[in-house]
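The next block holds one structure in the form of structure tokens; read it before the comments.
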Amino acid sequence: MERVLVSGANGFIASHIVEQLLAAGYEVVGTVRNLGDSKTVGHLEALPGSKRLSLVAADITDTDPFGKLTADVDYVMHTASPYVMHVADPQRDLVTPAVNGTLAMLRACQESTRIKRVIVTSSMAAITDEPDRNHVLTEADWNEKSSIARNPYYFSKTQAERAAWDFVSEHQPGWALITINPFMVLGPSHTPSLNTTNQIFVDLMVGKYPVIFALTWGFVDVRDVALAHLRAMERPAASGRYLCAGETRSMRQVVAHLKRLGYRGNLPRLGLDSVWGTPVAKLLSYAQPQGVGSYL
Ligand code: NDP
């Protein structure tokens, strides 16, 4: 039976990866930050096939979080990374853990002769942080604009993915690196907590967004993202980076869709997604916390 190590196994996306790996008959070793907390691990222990799942503690802010965990596995899925838009210190809270966590995992895998592939959950954030009507984005694109001051979460994902490819080109390990770069991931959550993308929609429904902004998202179902991770692991032809996005929808279309589904009361009504509205939205963004403001 082949064994797969999944970091951040309790997360929104990773829980679906673990579920699909167990369903496919793999043995899974999952790392979580808070092993003793039933809110963190209960949903994993309840998955069908969880007898083949073992959980271990690992924090990516530690120096060597994965140690010998990679010694007896065939594949690695590295998903653990802080996914938060607003933090006190973007370097300390986002970029350093994202980059160090990724490099720590790759270092732990470096000498393995058993590991065949390492799949890193990167992001659309590593492709771009700004749409451009005149350019169709592909896996050849890299986000060149984000920085510690501008969209620090995007910067953390870009820096982490770049560090991963640089590591592979420098050390030429015996395994292949593949990255999955999803856009906005939505769908049923196994976890009792809400991840950042699902939180955006809850916030929209409870009135935390007073207006409709000129935002457009590419959506992808969490089950498809998990499947992409498994295909990247199993398919011989898989290599490089894979953008994952299904349909593209503007914030206005999302609000209209939620209305059709029956959510009415607190959805935003005022539109700032027009020619005059966008400069106003830009002004308003300066009153937001830094991560949110630069995103807007
Ligand atoms: P979650 O917040 O549910 O998952 C993030 C995971 O990373 C959690 O398991 C979290 O652990 C873990 N993590 C964060 N900080 C640390 C740390 N210091 N040490 C150990 N583990 C840590 O979000 P998602 O499932 O959405 O995100 C998973 C991955 O997918 C991330 O890499 C994210 O950047 C990426 N991604 C997500 C997208 C989306 O739309 N959801 C889109 C593109 C990429 P804990 O629960 O303890 O906080």
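Only this structure's heavy atoms are used, side chains among them; waters, hydrogens and symmetry mates stay out. For ligands, and for the atoms within them, numbers begin at 1 and follow the listed sequence.
Near Ala58, the atoms of ligand 1 lying under 4.0 angstrom from a non-hydrogen atom of the residue are 20 (C). Less than 4.0 angstrom separates some heavy atom of Asp59 from each of these atoms of ligand 1: 17 (C), 18 (N), 19 (N), 20 (C). For ligand 1, the atoms lying closer than 4.0 Å to a non-hydrogen atom of Thr197 are 39 (C), 40 (O), 41 (N).
The option from Tyr153, Trp217, Phe183 that lies nearest to atom 42 (C) of ligand 1, judged by heavy atoms, is Phe183. The closest heavy-atom contact to atom 11 (O) of ligand 1, among the options Met124, Met184, Arg33, comes from Arg33. Remark: among candidates Asp93, Ile60, Thr191, the nearest residue to atom 17 (C) of ligand 1 is Ile60, based on non-hydrogen atoms. Nearest-heavy-atom check against atom 2 (O) of ligand 1 across Asn195, Ile200, Thr79 picks out Asn195.
If you look at Ser122 next to ligand 1, the close heavy atoms, those under 4.0 Å, all belong to the backbone.
In the displayed structure, His257 atom NE2 is contacted under 6.0 Å by at most 12 heavy atoms of other residues, nucleotides or ligands.
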Full working for side-chain hydrogen bond (donor to acceptor under 3.5 Å, both in side chains) between His43 and Thr191: CA-CA 6 Å; His43 62 285; Thr191 66; 5.4 Å; no
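In terms of N/O distances under 3.5 Å, ligand 1 is not approached by Ala14. Taking only nitrogen or oxygen atoms, main chain and side chain alike, Ile13 reaches within less than 3.5 Å of ligand 1.
Ion pairing between Asp37 and Lys39 fails under the 4.0 Å rule for side-chain N and carboxylate O.
Every heavy atom of Pro97 sits 4.0 Å or more from the atoms of ligand 1.
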